[in-house]
Amino acid sequence: MTISEMIQSCRLPDEAAARGAEQRWDAIAKPLHGLGLLEDAVVKICAITGRTDCRLSPRAVVVFCADNGVVAQGVTQTGQEVTAIVAENMTRGETSICKMAALAGAEVFPVDMGMARKPACSGILDRRQGDGTNDFTKGPAMTRAQAENALRAGYDLARELAEKGCRLLAAGEMGIGNTTTSSAVASVLLGEDPEILTGRGAGLSSEGLVRKTQAICQGITLNRPDPADPIDVLAKVGGFDLAAMAGFYLGASAAGVPVILDGFISLAAALAAARLNPRCLAAMVPSHCSGEPGTQRILRELRLTPPIQAGLCLGEGTGAAAFMPLLDMAAAVYRGMPTFGDIQVEEYKPLV
């Protein structure tokens, strides 16, 4: 399958399934839209799957791990060695996402998209595109071929998990410096000043934030990524993890499987995917609103409203995992509650 065919494979939502889900919610013996955004999420899930039963298991969180050459510009608190350490800890269940996903009933799949140090253990899927990206203040972060290969790797993983029976997916990431690449990608695609969209990431000082913003501005000025070509943007100022996540969202859409978005980094990748094919938005279910400055701007652009407002900023897919039990509760009400007819009570009528 060519890159163009992958992009065009995204599905449109099943409007009949969406209407069926809405009618089911309206018939349930409770106040209309009483579960708010949780009801909307269930309807969206039914629309992308083409089914009204809203089955959400088995489920998986795929964590794309990669390093970014721009860390050489002092844009982070920690060094690149942390990426591989955390990825290796995932294989032992010793990370935040592993603990949260276990409670949420999701399997975690760490993926090496291109860490600076190749992991020294098994249990990490190998989709390496290089030993980390190049420093985008000196030239493009990667070649276009690498960006396309990373996009394809994410796409294929989503399709493979769907074929194995997964009914709910989420993408996380692990990579020192990837709030820098995410801010750069978002700045180009949105046509916004990097200073507006760039935050402190994992706890940068004010001086570090200045360096980070300057590095993004320098990378954009030097490489001149084309905002009309999301793959060019990912290649020039993005990262292997971002490209793979964008492909993952396209693949989930093509497979008709709902995919839960995480925080700012996830949203930057989702923005790139949506610019490649807006149809993939039908598969995306938002989870939470990160504290990074660019989060709200991307959410407005994608017209998504996340149910969780908890100040989460950990990454790894933890926000997506936190949303899974809420979805389970909504689905339990959706599938199991009696209707007004069942209890012989007059239905609520919409207010006008």
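No hydrogens, no waters, no symmetry mates; every other heavy atom, side chains included, goes into these values. Each residue takes its place number in the sequence, starting with 1.
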side-chain contact (heavy atoms from CB on, under 4.5 Å) evaluation trace for S9 with E5: CA-CA 6 Å; S9 67; E5 289 170 336; over 6 Å; no

Derivation of the side-chain contact (heavy atoms from CB on, under 4.5 Å) call for L299 and T305: CA-CA 7 Å; L299 287 168; T305 305; over 6 Å; no

Pair Y249-Y155, ring-ring contact (aromatic ring centres under 6.0 Å, His included): steps then yes or no: CA-CA 7 Å; Y249 297 138; Y155 180 93; over 10 Å; no

T95 and N89: CA distance, side-chain angles, deciding distance, side chain to side chain donor-acceptor pair (under 3.5 Å) verdict: CA-CA 6 Å; T95 64; N89 286 343; over 6 Å; no

Residues E301, R275; criterion salt bridge (charged side-chain N to carboxylate O under 4.0 Å, His left out); working and verdict: CA-CA 11 Å; E301 181 73 13; R275 290 293 176 83; 3.0 Å; yes

Criterion side chain to side chain donor-acceptor pair (under 3.5 Å) on T181 and N178, from CA distance to verdict: CA-CA 5 Å; T181 55; N178 60 8; 5.8 Å; no

Steps toward side-chain contact (heavy atoms from CB on, under 4.5 Å) verdict (C313, E292): CA-CA 8 Å; C313 56; E292 283 291 296; over 6 Å; no

Verdict with supporting geometry, K212 and T76, side chain to side chain donor-acceptor pair (under 3.5 Å): CA-CA 8 Å; K212 182 177 181 178; T76 63; over 6 Å; no

Worked check of side-chain contact (heavy atoms from CB on, under 4.5 Å) between R127 and F240: CA-CA 10 Å; R127 302 293 187 275; F240 296 141; over 6 Å; no

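Atom CG of D262 is separated from atom CE of M245 by 7.0 Å, given to the nearest 0.5 angstrom. Taken to the nearest 0.5 Å, the CG atom of D112 stands 7.0 Å off from the SG atom of C65. Taken to the nearest 0.5 Å, the CD1 atom of I176 stands 9.0 Å off from the CG atom of N68. Taking CG from L304 and SG from C289, the interatomic distance works out to 11.0 Å, rounded to the nearest 0.5 Å. Rounding to the nearest 0.5 angstrom, the gap separating the CG atom in D328 from the CZ atom in F323 is 10.0 Å. Atom OG1 of T318 sits about 6.0 Å away from atom NE2 of H288, to the nearest 0.5 Å.
C166 approaches L169 most closely through the heavy-atom pair CB-CD2, 3.9 Å. When all heavy atoms of L234 and A246 are compared, the closest pair comes out as CD1-CB, 4.4 Å. Smallest separation of non-hydrogen atoms from Q8 and N277: CA-ND2, 3.9 Å. In terms of heavy-atom proximity, S122 sits nearest to T91 at O-CG2, 3.5 Å. Between S182 and F264, the shortest heavy-atom distance links the atoms CB-CE2, 3.6 Å. The two residues A282 and I48 make their nearest non-hydrogen contact at O-CB, 3.8 Å.
At distances below 3.5 Å, at least one donor-acceptor pair connects side-chain atoms of R59 with backbone N or O atoms of L56. The main-chain N or O of T143 is found under 3.5 Å from a side-chain atom of Q146 such that the two form a donor-acceptor pair. Of the possible polar contacts, none joining the E22 side chain to the V43 backbone as a donor-acceptor pair under 3.5 Å is found. At distances below 3.5 Å, not a single donor-acceptor pair connects side-chain atoms of T295 with backbone N or O atoms of G291. With hydrogens and angles disregarded, no donor-acceptor distance shorter than 3.5 Å links the side chain of T213 to the backbone of E195. A donor-acceptor pair is defined here as one N or O able to donate and one able to accept, closer than 3.5 Å; no such pair exists between the side chain of R167 and the backbone of P58. The closest donor-acceptor contact from the side chain of N134 to the backbone of F136 lies at 3.5 Å or more, if one exists at all.
Defined by atom type and a distance below 3.5 Å, a donor-acceptor pair is missing between the side-chain atoms of D26 and H33.
Residues I265 and E173 meet the side-chain proximity criterion, which asks for heavy atoms closer than 4.5 Å. At a threshold of 4.5 Å between non-hydrogen side-chain atoms, the residues D241 and M174 do not count as touching. Residues I124 and F109 fail the side-chain proximity criterion, which asks for heavy atoms closer than 4.5 Å. The closest side-chain heavy-atom distance from N223 to P140 is below 4.5 Å. R152 has its side chain within reach of M6: a pair of non-hydrogen atoms, C-beta onward, lies under 4.5 Å apart. D67 is not listed as a side-chain neighbour of T133, based on a closest heavy-atom distance of 4.5 Å or more. At least one side-chain heavy atom of I85 sits under 4.5 Å from a side-chain heavy atom of R117. Residues L327 and I45 meet the side-chain proximity criterion, which asks for heavy atoms closer than 4.5 Å.
No more than 12 heavy-atom neighbours from other residues, nucleotides or ligands sit within 6.0 angstrom of CD on E207. Counted within 6.0 Å of CD on Q344, heavy atoms from surrounding residues, nucleotides or ligands total 12 or fewer; the atom is thus considered open. Environment of CZ in R335: crowded, with over 12 heavy atoms of neighbouring residues, nucleotides or ligands closer than 6.0 Å. The 12-atom threshold is exceeded at CZ of R92, counting heavy atoms of other residues, nucleotides or ligands nearer than 6.0 Å. More than 12 heavy atoms of other residues, nucleotides or ligands sit less than 6.0 Å from atom CE of M1.
Hydrophobic clustering (side-chain heavy atoms under 4.5 Å, transitive across Ile, Leu, Val, Met, Phe, Trp, Tyr) keeps L250 apart from L189. Hydrophobic clustering places I308 together with V42 (ILVMFWY residues linked when any side-chain heavy atoms are closer than 4.5 Å, directly or through intermediates). Under the 4.5 Å side-chain heavy-atom criterion for grouping Ile, Leu, Val, Met, Phe, Trp and Tyr, V61 is connected to L168 within one hydrophobic cluster. In the hydrophobic clustering of ILVMFWY residues, with side-chain heavy atoms under 4.5 Å counting as a link, M100 and L261 come out apart. Hydrophobic clustering (side-chain heavy atoms under 4.5 Å, transitive across Ile, Leu, Val, Met, Phe, Trp, Tyr) keeps L151 apart from V111.
Comment: D229 engages R144 in a salt bridge, judged by a side-chain N to carboxylate O separation of less than 4.0 angstrom. Salt bridge absent: D126 and R128 never bring a charged side-chain N and a carboxylate O closer than 4.0 Å. A salt bridge does not link E39 to R24: none of the charged nitrogens lies less than 4.0 Å from a carboxylate oxygen. At a threshold of 4.0 Å, the pair E192-R297 counts as salt-bridged, since one of the basic side-chain nitrogens sits closer than that to a carboxylate oxygen. With respect to the salt-bridge test (charged N to carboxylate O, under 4.0 angstrom), the residues K99 and E316 do not qualify. Using a 4.0 Å cut-off between a side-chain N of Lys or Arg and a carboxylate O of Asp or Glu, E15 and R19 do not qualify as a salt bridge. At a threshold of 4.0 Å, the pair D40-K44 does not count as salt-bridged, since none of the basic side-chain nitrogens sits closer than that to a carboxylate oxygen.
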